[in-house]
Amino acid sequence: MAAHTDGVPSVIRDLRESFKAKGCEIYPFKVGRYNALTSEVHHLSYAADSLAAVILSTPSMFEKVFLPFLQSHDCEATRDPIDECVTQTISSCVSLCCPHQCVDVMYDYELLPSRRPKFLAQTAAHVSGAAFYYQKSDIHNPPWLDKKMFGVCIHPRLGGWFAIRALLILKDVLLGDEVQQKDPVDCVSRQEDRIELLERFNFRWQDWSYRDIIPAEERYSPRQKEYFITPPAQRGALLRHWGFMTKSDTKSTNKQS
Ligand code: B12
């Protein structure tokens, strides 16, 4: 059983401090809560009482970690500098805070051989209490008939200005019933606002207006916006223009964050 203070395992407290300095947030939950919601093909193959934690990047990660990362790395051989930077940052926080623990780390961009994602980032964010996951099933009489509508997570302080980066599983840390799990804050509670949110995320996601569905405490800086708005194939040229790279473009995956 894990050592706790105020119901939070002490290892999470250490990780929280370490991630905060990097512009990231960590939210713990029990594997069983995630598996209870998802279909079997998406289950995490760990004991129901095992400790899991989801990691989010906040807007300040870009300035606190990514720009310094670009300065100290040769990104020429890097497939995606953001993914590379996040991977390094998370590994270093985990090695620092959990030197004697077995921690499995899964990244949002990793796929299983079945081509399914290793973990469902939005469900994990919801069950951990980090950000409410708004889905079509949260709308009474949805106006879109049978159309598939992708769901979206909204954070009570950051709105949509964050990304869900990774899942940690501390399989040897078993949580008892004394751990109180926080529910996510339902910050888009009116039906008409939920409809607006899903429409922005599905039909106009490129204009980023879904991120401002509620007022946010922090948003991406102009430089961060410029980076993510730039098509991945042209980000190498942008980095060179900013003075970070000298040779050919990086081969990047096609995504924003
Ligand atoms: C594949 C993928 C896509 C695909 C398909 C989207 C999809 N949702 O299926 C495409 C390419 C279209 C896509 C696009 C985008 N994506 Co995308 N995508 C993903 C990815 C890698 C996997 C999603 C997935 O396959 N889900 C599988 C389906 C089956 O899951 P599901 O619909 O949630 O169903 C489960 C839940 O309903 C759950 N469940 C059932 N009942 C209940 C009840 C409750 C209460 C709960 C909580 C759960 C639950 O069980 C179901 C499974 O059994 C995730 C990262 C990740 N690892 O999760 C990012 C992710 C969802 N994408 C993201 C984003 C931002 C985008 C884009 C805006 C582009 C971008 N990256 O900027 C666009 C917007 C969508 C659009 N309009 O096109 C973000 C969303 C952030 C957020 N705030 O929610 C994620 C989380 C990436 C990240 N790192 O932050 N994406």
Side-chain angles (χ1 to χ4, degrees), residues 24-25 27 29-44 52 54-59 61-62 80 82-83 85-87 90 105-112 114-139 142 144 147-169 181-188 194 196-214 216 219-220 224-225 227-232 235 252-257:
C24 294
E25 295 181 347
Y27 295 84
F29 65 93
K30 266 192 200 185
V31 164
R33 273 176 62 98
Y34 173 102
N35 285 349
L37 289 175
T38 50
S39 50
E40 212 174 331
V41 289
H42 293 290
H43 281 185
L44 299 167
V54 68
I55 314 290
L56 311 183
S57 60
T58 76
M61 191 275 280
F62 193 83
D80 184 310
I82 277 278
D83 285 348
C85 168
V86 166
T87 306
I90 292 178
V105 186
M106 301 171 202
Y107 294 95
D108 67 306
Y109 55 82
E110 287 186 312
L111 299 178
L112 296 165
S114 62
R115 308 294 299 161
R116 290 196 178 88
K118 281 197 172 174
F119 77 102
L120 299 180
Q122 295 161 306
T123 296
H126 185 102
V127 299
S128 70
F132 201 107
Y133 182 27
Y134 294 98
Q135 305 184 71
K136 188 177 175 184
S137 52
D138 294 312
I139 313 280
W144 314 291
K147 186 174 169 34
K148 166 88 188 143
M149 294 291 279
F150 299 129
V152 57
C153 284
I154 296 295
H155 185 292
R157 283 183 294 100
L158 302 172
W161 297 95
F162 69 98
I164 307 162
R165 298 295 183 178
L167 184 73
L168 309 185
I169 309 261
Q181 184 73 57
K182 286 201 181 94
D183 285 331
V185 179
D186 178 5
C187 45
V188 187
R194 290 180 180 185
E196 177 66 21
L197 172 63
L198 291 194
E199 293 196 339
R200 288 185 190 181
F201 188 69
N202 282 269
F203 307 144
R204 305 191 293 280
W205 62 270
Q206 293 93 336
D207 72 10
W208 287 8
S209 61
Y210 75 89
R211 299 185 194 258
D212 284 321
I213 194 76
I214 59 165
R219 301 163 90 245
Y220 291 176
Q224 180 165 190
K225 281 188 189 156
Y227 184 79
F228 286 122
I229 282 170
T230 301
R235 287 180 190 168
S252 209
T253 49
N254 188 16
K255 74 177 188 191
Q256 299 177 345
S257 272

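Counting convention: from 1, in listed order, for ligands and their atoms alike. Both backbone and side-chain heavy atoms feed into the values below; hydrogens, waters and symmetry mates do not. Computed from a predicted structure; not experimentally measured.
Each of the following atoms of ligand 1 lies closer than 4.0 Å to a heavy atom of D108: 55 (C), 56 (C), 57 (N), 88 (C), 89 (N). Close approach of ligand 1 to T38 is summarised as follows: ligand atoms under 4.0 Å from at least one heavy atom of the residue are 50 (O), 53 (O). Near V152, meaning under 4.0 Å from any of its heavy atoms, are these atoms of ligand 1: 82 (C), 83 (N), 84 (O). Interface atoms of ligand 1 facing N202, defined by a heavy-atom separation under 4.0 Å, are 77 (N).
Annotation: the span from I82 atom CD1 to Y227 atom OH amounts to 5.5 Å, rounded to 0.5 Å.
Remark: K148 engages F150 in a side chain to side chain contact (heavy atoms under 4.5 Å, CB included) (not counting sequence neighbours). Scanning for side chain to side chain contact (heavy atoms under 4.5 Å, CB included) contacts around D207 gives R204, S209, with sequence neighbours left out.
When all heavy atoms are compared, the tightest approach of Q135 to L198 is C-CD1, 3.8 Å.
Note: W208 and W161 have perpendicular aromatic rings, judged against thresholds of 30 and 60 degrees for the angle between ring planes.
For F201, heavy-atom contacts with ligand 1 shorter than 4.0 Å involve the backbone as well as the side chain. Of all the heavy atoms of P117, the ones lying under 4.0 Å from any atom of ligand 1 belong exclusively to the side chain. With a heavy-atom cut-off of 4.0 Å, Y210 touches ligand 1 through its side chain alone.
Summarising the contacts of atom 9 (O) of ligand 1 with W205, F150, W208, W161, the nearest heavy atom is found in F150.
Between G151 and ligand 1, not a single N/O pair is under 3.5 Å apart. Residue contacts with ligand 1: R165 is placed with no nitrogen or oxygen under 3.5 Å of a nitrogen or oxygen of the ligand (distance criterion only).
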